[in-house]
**Student:** 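Let me begin by handing over the structure; questions about it come next.
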Amino acid sequence: MDIKGSKQLYNKLLFIDTAILVCAISALVIYFFTSTKNRFLEQNLNYTEMMNESAASYLKEASDIAEYIHEDLYKSNMELKDVLRYMTDEPSDYQQYRLDIYSENKSSEYRGIEKFFLDAFQAYGSLNHILLYSYERNEITEYTGDGKSYRRDGDPDFKTKLEKGDLTGEDSFSYLKEIREPETMQVKGCMILGFKSNRFESIQQYYSRAELIVYNDAGTVVFDSSKGHHIPDIMYADDKGILENVLDAYVEQSQDGQYHAISYLEKKRAAEVPVSIVIMILAVGAVVMVLGELFVRYHLQQLSKRLNRILSGMSRVMDGDLDVRIPSDKNGDELDVISRCFNEMCVNLDEHIKKRYLAEIEQKNAEMAALQSQINPHFLYNTLEAIRMKAVCNGDREVGKMLYSLAVTFRAQIKEADIITLAQELHYSKKYMELFEFRYQNQFQAVVECKEEYLQVPIIKFVLQPIIENYFIHGMRMKEPDNFIRIAVEKENGGRFRIIVEDNGKGMTVQELAEKNRELERDTMKRQSSIGIANVNRRLKAVYGSAYGIRMEARQGGGLRVILRFEPRKTGRENQGEGEVYDEEGNDSRR
C-alpha cells in the first residue's frame, strides 16, 4: 500500500491552515485598525463638543458677570449717584459733589465708582477693563485692574463701533450695559465691560485636534485658532450641514447673545491614527502570524507521523498480518481512538468471523419466537371465549359475565386499532370495572357520564384502564362501603376534550400531588410507581403534543381527580378499522 498520501494531506492541511491563519490575522488587523480609527474619531468628536461647550460656558460666564456688575451698581445708591454725577458734571463740580457727600456722611471711606470697579476687578479675574461713556459729555473713562483710570474724549471711530455694537478689542470682548437715571429713566451713558479673550486660546490648546472660532454678530473675530477662514462665509452658513460642507469638517455651534462659538474638526484629520500605533498594530499582526505558522507546521508534522503509523499498520493487515499493533499516544484525540480500535479489531477479527454464523442462527430463532408470541395471545383469547360459552351453556351466567369482561378487555388489547372512539373506550372501561364488581360486591359505585354527541370522538385506546386500575389498587378504602368512581367527558374551548376520573378514595397529600404533577409535566415519573399513569401520560403527549397529558388534583371532600386532556384531531392511525364490541351472549354490538 502506498503511504505517500499522508504527505499530500500534510500539504493540503498546511495550505488550508495557512490561508485561514492569514485571513484571520488580516481580519483582526483590519478590525483593530478600524476600531482604533473609530475610537480616535469618537474621541476627537467628543473633544470638539467639549471645546464648544467650554467656549460657550466662558461666554455665558462673562455675560453673567456683566449682568451681576450692572445689577450691583443699581443696588448701591451712593455708587449709582456717583456714576451719574461723573457722567453729567464738570470735573470740578464732580469733585465738589464728592467732598460734600463725604462731609455730610462723615464716613471714613467714600464709596465711589473707582472703589466699585476695583472691587469688581478683584472679584472677577476674567475682567480685562471697564469703560464708562457719557453720552452728554462724549467722554470715555477707562478703568483697569490696577485701580487706575484714564479719561479721554470720544472719537468718531469709537462712536461708530458703539452704534454697530462691535466693541471687540485685540485681546478682549465686551458687553455694553446702559446707565439710566432711576427717577426719569433717561439714559445718561453706558458701561462697557471687557473680558479677556486669551481664555479661548487656553481652551483650544487643551483640545488641540479641533479648531475654535469666536466672533460677534458684526462679524468681528474675537478668537480664531486657524486664521484661515473667511468669517462672512461662516456667518451666512446658518445651517449646520451647510457649515460642515463649507469647512469640510465636523462642526459644533453655540451662541450666547451677540457672540458665536464654532468648534470644528477637519474630516481628513478626524479619524487620523498616529503612525506609531499603525506600526504597532502591523508588528503585532506579523508576530502573531509567524508564531501561528510555526505552531501549525509543528502540529501538522506530529499529525503526519501518527497518520503514517496508522497507514503502515493497515497495509500490514491487508497483507494478512493480524498481529500488528499501532502505538496509542496519550493525546486523547480521535487518532488515539482509531489506533485503539484498530488494535482491538485485529485482536477480535477471528472471533467476529466465527460468531457471524452463530448470529445468523440466533436471528432466525428470534424471528420464530416473535411469530410464536403473536400466536399465543390469540390462542389465549380463543380459549377464554370457549370457556365463557361453556359457562353460559351450563347456566353459570355470573362466570360468563366475568369471562366476557375479561375477554373484551383482552381482545381490545390485541386486536383493536390504535385509534378508537370514546364509546369503545368507555365500553372497555365499564367491562374492566365489572371485573372488580365481582370482587368488591356492594363496596363501590361506578358512574360514567358522556354526552351522546361525544361518543364518536376519536381517541387513542386504553387511556382509562390504567387510571381505573390505579384507583382500585392504591385509592380504594377497603373497609368502607361508600366508595365510588366517576368518569365524565367534557369539552373545552378550541375543540379540545378532557376526561375526568374522580373518586372519594385515600387521595394524596399536597406535596405528593405537586411532585406527581411535576413528574407528569416533565414526563419523568419513576418507573417503580404509577407505571400505568406514566405510560398513558407519555402516550397522550406523544400523539397530541406536549400541551396535553394528565394532571392530578385533590377532590373537594376527599379523594382524587385525574384529568386527561386530548384533542380529537387526525393522527395518521384512524383508518385502521374499528374494533368489535360483543355483548354478553357473544353477539356483535358494534356502535
Side-chain angles (χ1 to χ4, degrees), residues 1-48 208-209 250 265-353:
M1 180 179 182
D2 185 11
I3 62 174
K4 293 182 179 179
S6 63
K7 193 65 177 179
Q8 297 176 6
L9 178 62
Y10 170 83
N11 292 331
K12 289 180 181 179
L13 291 178
L14 180 61
F15 175 78
I16 293 172
D17 290 349
T18 302
I20 293 174
L21 187 63
V22 170
C23 292
I25 294 177
S26 299
L28 286 174
V29 169
I30 294 173
Y31 168 77
F32 283 117
F33 182 74
T34 304
S35 176
T36 303
K37 286 186 64 176
N38 292 335
R39 182 168 58 84
F40 271 91
L41 174 61
E42 183 180 357
Q43 177 180 316
N44 290 332
L45 290 177
N46 289 335
Y47 283 168
T48 304
S208 58
R209 277 295 180 97
Y250 300 102
L265 178 66
E266 294 180 356
K267 291 182 178 179
K268 62 182 180 181
R269 298 181 56 201
E272 195 175 62
V273 180
V275 177
S276 59
I277 295 180
V278 174
I279 294 175
M280 183 187 69
I281 292 175
L282 294 176
V284 171
V287 171
V288 173
M289 180 67 191
V290 171
L291 294 177
E293 183 68 14
L294 292 175
F295 174 79
V296 167
R297 286 180 177 273
Y298 173 77
H299 177 72
L300 291 180
Q301 288 173 358
Q302 297 300 317
L303 182 65
S304 178
K305 292 179 181 179
R306 297 171 66 191
L307 285 174
N308 286 335
R309 287 199 296 266
I310 294 175
L311 291 175
S312 177
M314 294 176 64
S315 178
R316 292 173 60 185
V317 169
M318 292 178 65
D319 293 337
D321 183 7
L322 296 179
D323 296 328
V324 63
R325 298 293 180 267
I326 300 175
S328 296
D329 298 331
K330 298 181 180 180
N331 294 312
D333 56 13
E334 287 79 0
L335 290 181
D336 282 349
V337 174
I338 292 174
S339 299
R340 288 193 294 270
C341 291
F342 180 84
N343 294 336
E344 293 177 5
M345 179 191 68
C346 293
V347 172
N348 300 320
L349 185 58
D350 289 338
E351 295 181 6
H352 286 305
I353 294 174

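The figures that follow rest on heavy atoms only: side chains count, while hydrogens, waters and symmetry mates do not.
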**Student:** Taking all non-hydrogen atoms of both residues into account, name the closest pair between L45 and L265 and its distance.
**Tutor:**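 In terms of heavy atoms, the two residues are closest at N-CD2, 4.2 Å.
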
**Student:** Please name the pair of heavy atoms, one in V278 and one in F33, separated by the smallest distance, quoted to 0.1 Å.
**Tutor:**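 That would be CG2-CE1, 3.6 Å.
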
**Student:** Take atom CD in E42; do more than 12 heavy atoms of anything else shown fall under 6.0 Å from it?
**Tutor:**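 Counting neighbours around CD of E42, 12 or fewer heavy atoms of other residues, nucleotides or ligands fall under 6.0 Å, so no.
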
**Student:** A side-chain contact here means heavy atoms from C-beta on lying under 4.5 Å apart; do I277 and F40 qualify?
**Tutor:**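 I277 reaches F40 side chain to side chain.
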
**Student:** Considering only heavy atoms from C-beta outward, does the side chain of Y250 approach that of N44 to under 4.5 Å?
**Tutor:** no

**Student:** Output the distance between atom CZ (R297) and atom OG1 (T18), rounded to the nearest 0.5 Å.
**Tutor:**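 It comes to 6.5 Å.
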
**Student:** Using 0.5 Å steps for rounding, measure from the OG1 atom of T34 to the CG atom of L41.
**Tutor:** 12.0 Å

**Student:** Would you indicate whether the side-chain heavy atoms of R209 and Q43 approach each other to under 4.5 Å?
**Tutor:** no

**Student:** Enter the distance from S26:OG to L21:CG here, rounded to the nearest 0.5 Å.
**Tutor:** 9.0 Å

**Student:** State, yes or no, whether a side-chain contact exists between E293 and L14 at a heavy-atom distance under 4.5 Å.
**Tutor:**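 Of all side-chain heavy-atom pairs linking L14 with E293, at least one is under 4.5 Å.
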
**Student:** As an exercise, state the distance from SG of C23 to CG of L28, rounded to the nearest 0.5 Å.
**Tutor:** 11.0 Å

